[in-house]
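The first residue of the sequence shown is numbered 1, and numbering continues consecutively from there.
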Amino acid sequence: MPLFVHCREAAEEVLHALKSTPPVAPVVIHCFTGSKDELKRFIDLGCYIGVTGWVCDDRPERGSDVLR
């Protein structure tokens with residue numbers, strides 16, 4: 001069963017926790033709204049990324065540009 005993590009403005013803390021205590025289950029960063037850098041760092045740790053309607057947002061820092 002996967003571990004779902006709702007990370008809201010706490011990417012550094014969540015990344016630190018995942019690195020210091022690697023989970024034994026797959027991790028889904030639920031409702032991701034972070035930056036491209038944060039996205040890459042979560043993916044590099046093997047996390048799955050969940051996105052919602054924010055991908056339609058026209059603000060560049062929160063829009064679909066992050067997923068490209």
**Student:** Rounded to the nearest 0.5 Å, what separates atom OG in Ser20 from atom CG in Leu18?
**Tutor:**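 Separation between the atoms: 8.0 Å.
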**Student:** If you apply the rule side-chain contact (heavy atoms from CB on, under 4.5 Å), what do you find for Phe42 with Val14, and how did you get there?
**Tutor:** CA-CA 9 Å; Phe42 280 121; Val14 172; 3.7 Å; yes
**Student:** Which heavy atom of Met1 sits nearest to which heavy atom of Ala25, and what is that distance?
**Tutor:**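 Between these two residues, the closest heavy atoms are O-CB, 3.2 Å.
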**Student:** Just jot down the ring-ring contact (aromatic ring centres under 6.0 Å, His included) partners of His6, sequence neighbours excluded, or say none.
**Tutor:**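 Once residues adjacent in sequence are excluded, the partners of His6 under the ring-ring contact (aromatic ring centres under 6.0 Å, His included) criterion are His30.
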**Student:** Just verifying a value: how many Å separate Lys40 NZ and Leu45 CG, rounded to the nearest 0.5 Å?
**Tutor:**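 It is 10.0 Å, given to the nearest 0.5 Å.
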**Student:** To the nearest 0.5 Å, what is the distance between CD (Glu38) and CD (Glu9)?
**Tutor:**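 CD of Glu9 is found 10.0 Å from CD of Glu38.
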**Student:** Please check if the number of heavy atoms outside Glu13 that lie under 6.0 Å from its CD is greater than 12.
**Tutor:**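 Check passes, neighbour count above 12.
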**Student:** Members other than Tyr48 in its cluster, when Ile, Leu, Val, Met, Phe, Trp, Tyr link by side-chain heavy atoms under 4.5 Å?
**Tutor:**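 Grouped by the 4.5 Å side-chain rule, Phe4, Val28 form the rest of the cluster around Tyr48.
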**Student:** Looking at CG of Leu15 and CG of Asp44, how far apart are the two atoms once the value is rounded to the nearest 0.5 Å?
**Tutor:**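 Rounded to the nearest 0.5 Å, the CG-CG separation comes to 10.0 Å.
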